[in-house]
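Bear in mind that the values here come from a model prediction, so they are computed numbers and not experimental data. Both backbone and side-chain heavy atoms feed into the values below; hydrogens, waters and symmetry mates do not. Counting from 1, the numbers follow the sequence of the chain as shown.
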Amino acid sequence: MNTSALPASALPPGAGRAARLGGNLLAIAAVLAGWLAVTWLAGLRQGLLFLIGTGFGAVLSGAAFGFTTGWRVWIRQRDPTGMLAQFLAIGLAAAVCIPLLADYPELSGAAAPLSWSLVLGAFVFGAAMQVADGCGSGTLYKAGLGHPVSLAVFPSFVAGSFLGAAHLDAWLSLGALPAVALGDTLGATPAVLLELGVLGLIGALIWSRRRTTTSRWQGRGIYVAAVVMAVLAVLNLVVAGQPWGIVYGLGLWGAKIVTWAGVDLSANAFWGREAQQAQIAGSLLDDVTSVTNLGLLAGSFLLAWRRRTACPNVGRITGRQWLWSVAAGLVLGYSARLAFGCNVGAFFSGISTGSLHGWVWFACAFAGSLVGVRLRERIGFSG
């Protein structure tokens with residue numbers, strides 16, 4: 001009898017436990033096989049980054065740790081739980097990452113220029129992510145779950161990220177101030193204290209305006225996930241030498257596809273650079289962002305497979321909603337490159353490594369989300 005196909009309640013005594021154990025061992029074996037394959041093909045560092053990405057995918061999907069959803073739940077229901085968990089993860093990561101960057105100059109933070117492209121890109125991204133029901137990490141982990149809307153958003157996100165990078169230099173010509181790394185400007189300890197203080201103040205403000213704390217997340221799970229996210233983010237910085245990111249890897253996938261189709265990108269202001277040309281010509285597994293993205297997809301899929309929650313039924317989606325989703329994905333990818341990252345690369349990694357652009361991104365993207373939530377409701381998406 002195939003016990004894996006039966007619910008635990010229908011199995012003989014002890015068989016349900018054995019089936020769960022067997023499934024867990026199979027999932028662990030799949031992760032180890034992926035790690036061994038990546039390590040064999042691309043080296044130990046890339047194999048470790050694949051494992052870190054798998055952890056990100058499992059945590060995001062397991063706790064429904066959605067940056068986009070956390071903002072929307074606050075905007076609509078005044079439930080601060082999701083946003084407080086984000087602040088906890090960022091604060092814990094910042095307390096470790098900023099001193100690490102000060103002590104080990106070979107590590108690099110997520111600093112980016114304070115440009116008009118940042119302001120515009122972050123605002124547009126904030127609106128589009130509400131329509132698409134996911135930022136970079138949300139789109140990836142939900143695509144790993146087999147969520148139909150995210151599967152529609154994902155390829156257009158890749159295309160948008162490629163195009164946004166291709167046009168980035170033109171947008172930067174509109175004007176930009178140099179990047180500001182708070183750890184370098186203020187010193188590591190003052191920078192950490194400042195960021196923790198600001199996160200605490202914002203957290204206290206949204207807590208004081210709460211209406212409920214049980215609209216979506218209940219219990220300590222979301223906060224445990226936040227702690228694990230912070231640990232994984234620190235590990236990513238140490239192993240990769242740079243913070244956790246999403247969007248560049250997706251743009252690189254688009255550049256590889258375009259190149260395979262016969263398009264010469266050597267004259268492009270961004271993709272024609274020597275470093276980008278080398279990555280386009282090299283293995284996908286050699287790029288630190290791409291390999292964590294692949295791990296994230298694998299982690300979310302394996303957890304959904306174990307929980308039998310893969311390919312969720314989200315109800316009927318109209319043709320108009322499909323078109324909006326695809327368009328939102330294209331805008332997401334494009335605007336993320338203009339803004340030097342999504343909720344992960346700009347918001348989470350930007351703030352946790354002391355980059356002032358992360359705070360600017362947060363303010364502009366949240367303002368965009370206020371618009372995006374209303375637009376999402378007009379389109380007819382629920383949740």
Side-chain angles (χ1 to χ4, degrees), residues 56-57 59-90 121-145 147-154 156-157 160-161 206 215-217 222 225-226 229 244-247 250 293 296 300 312 314 317 321 324-336 339 341-351 358 361-383:
F56 278 128
V59 172
L60 286 166
S61 59
F65 194 105
F67 291 95
T68 300
T69 307
W71 293 16
R72 187 166 68 246
V73 169
W74 163 251
I75 292 169
R76 294 180 64 187
Q77 280 125 356
R78 291 295 188 267
D79 182 346
T81 305
M83 291 192 68
L84 291 177
Q86 295 170 28
F87 292 169
L88 174 61
I90 293 171
F123 180 86
V124 172
F125 185 93
M129 76 178 189
Q130 296 298 339
V131 176
D133 194 26
C135 56
S137 60
T139 297
L140 270 181
Y141 94 73
K142 289 178 182 178
L145 297 177
H147 193 291
V149 173
S150 296
L151 288 173
V153 169
F154 181 49
S156 57
F157 197 127
S161 180
I206 63 174
S215 64
R216 183 177 180 91
W217 301 278
I222 187 69
M229 289 270 288
W244 179 29
I246 297 285
V247 177
L250 300 183
N293 285 349
L296 198 159
S300 60
V314 296
I317 301 174
Q321 289 172 330
W324 271 104
S325 298
V326 172
L330 188 66
V331 173
L332 274 176
Y334 194 94
S335 59
C342 61
N343 294 65
V344 168
F347 175 48
F348 186 103
S349 293
I351 294 177
W361 190 98
F362 174 42
C364 295
F366 194 83
S369 283
L370 295 174
V371 176
V373 168
R374 292 191 177 186
L375 181 57
R376 177 180 174 83
E377 292 171 350
R378 289 192 179 186
I379 295 168
F381 283 121
S382 61

key: Donor on one side chain, acceptor on other, R72 and Q130, under 3.5 Å   = yes
key: A226 versus A85, closest heavy-atom pair with distance   = CB-O, 3.3 Å
query = Going through the distances and angles, do L250 and F157 end up as a side chain to side chain contact (heavy atoms under 4.5 Å, CB included)?
reply = CA-CA 8 Å; L250 300 183; F157 197 127; 3.6 Å; yes
remark   = Heavy-atom closest pair (M129 atom, S369 atom, distance to 0.1 Å) is CE-OG, 3.3 Å
task = Determine the minimum heavy-atom distance between V331 and A128, stating which atoms define it.
result = CG1-CB, 3.9 Å
ask   = Side chains of F87 and I206: closer than 4.5 Å at any heavy-atom pair?
value = yes
task = Kindly indicate whether the side chain of I246, heavy atoms from C-beta on, has any atom under 4.5 Å from the side chain of T139.
result = no
ask   = Are any side-chain N or O atoms of W361 and backbone N or O atoms of G350, one a donor and one an acceptor, separated by less than 3.5 Å?
value = no
request  = Ignoring hydrogens and angles, tell me if any N or O in the side chain of S349 forms a donor-acceptor pair with the backbone of A346 under 3.5 Å.
outcome  = no
task = Look up atom CG in L140 and atom OG in S300, then write down how far apart they are to the nearest 0.5 Å.
result = 8.0 Å
message = Distance check, rounded to the nearest 0.5 Å: I75 atom CD1 versus M83 atom CE?
response = 8.0 Å
ask   = Could you give the distance from CZ (R216) to CG (D79), rounded to the nearest 0.5 Å?
value = 10.0 Å
Stepwise side chain to side chain contact (heavy atoms under 4.5 Å, CB included) check, L60 with M229 = CA-CA 8 Å; L60 286 166; M229 289 270 288; 3.9 Å; yes
ask   = Does K142 reach the side chain of V153, with side-chain heavy atoms less than 4.5 Å apart?
value = no
message = With heavy-atom distances below 4.5 Å as the criterion, would you say the side chains of R76 and E377 are in contact?
response = yes
query = In Å, rounded to the nearest 0.5 Å, how long is the span from CD of Q321 to CZ of R376?
reply = 9.0 Å
ask   = Only one of F125, W244, W71, F366 clears ring pair (Phe, Tyr, Trp, His ring centres under 6.0 Å) with F347; which?
value = W71
query = Would you say the side-chain atoms of N343 pair up with the backbone N or O of C135, donor to acceptor, closer than 3.5 Å?
reply = no
query = Out of curiosity, L84 CG to W217 CH2, how far, rounded to the nearest 0.5 Å?
reply = 10.0 Å
key: Y141 OH to F56 CZ distance, which is reported to the nearest 0.5 Å   = 14.5 Å
key: G134 versus T68, closest heavy-atom pair with distance   = C-OG1, 3.4 Å
inquiry  = In the structure I gave you, are the side-chain heavy atoms of W324 and L375 within less than 4.5 Å of one another anywhere?
reply    = yes
ask   = Less than 4.5 Å apart, any side-chain heavy atom of V344 and any of F67?
value = yes
task = Search all heavy atoms of S150 against all heavy atoms of G138 and return the closest pair with its distance.
result = OG-O, 4.5 Å
task = Measure from NZ or CZ of R78 to the centre of the six-membered ring of W74 and say whether it is under 6.0 Å with the direction within 45° of the ring axis.
result = yes
query = Any side-chain heavy-atom pair from S325 and F381 closer than 4.5 angstrom?
reply = yes
ask   = Which atoms form the tightest heavy-atom contact between A143 and L151, and what is the distance?
value = O-CD2, 3.6 Å
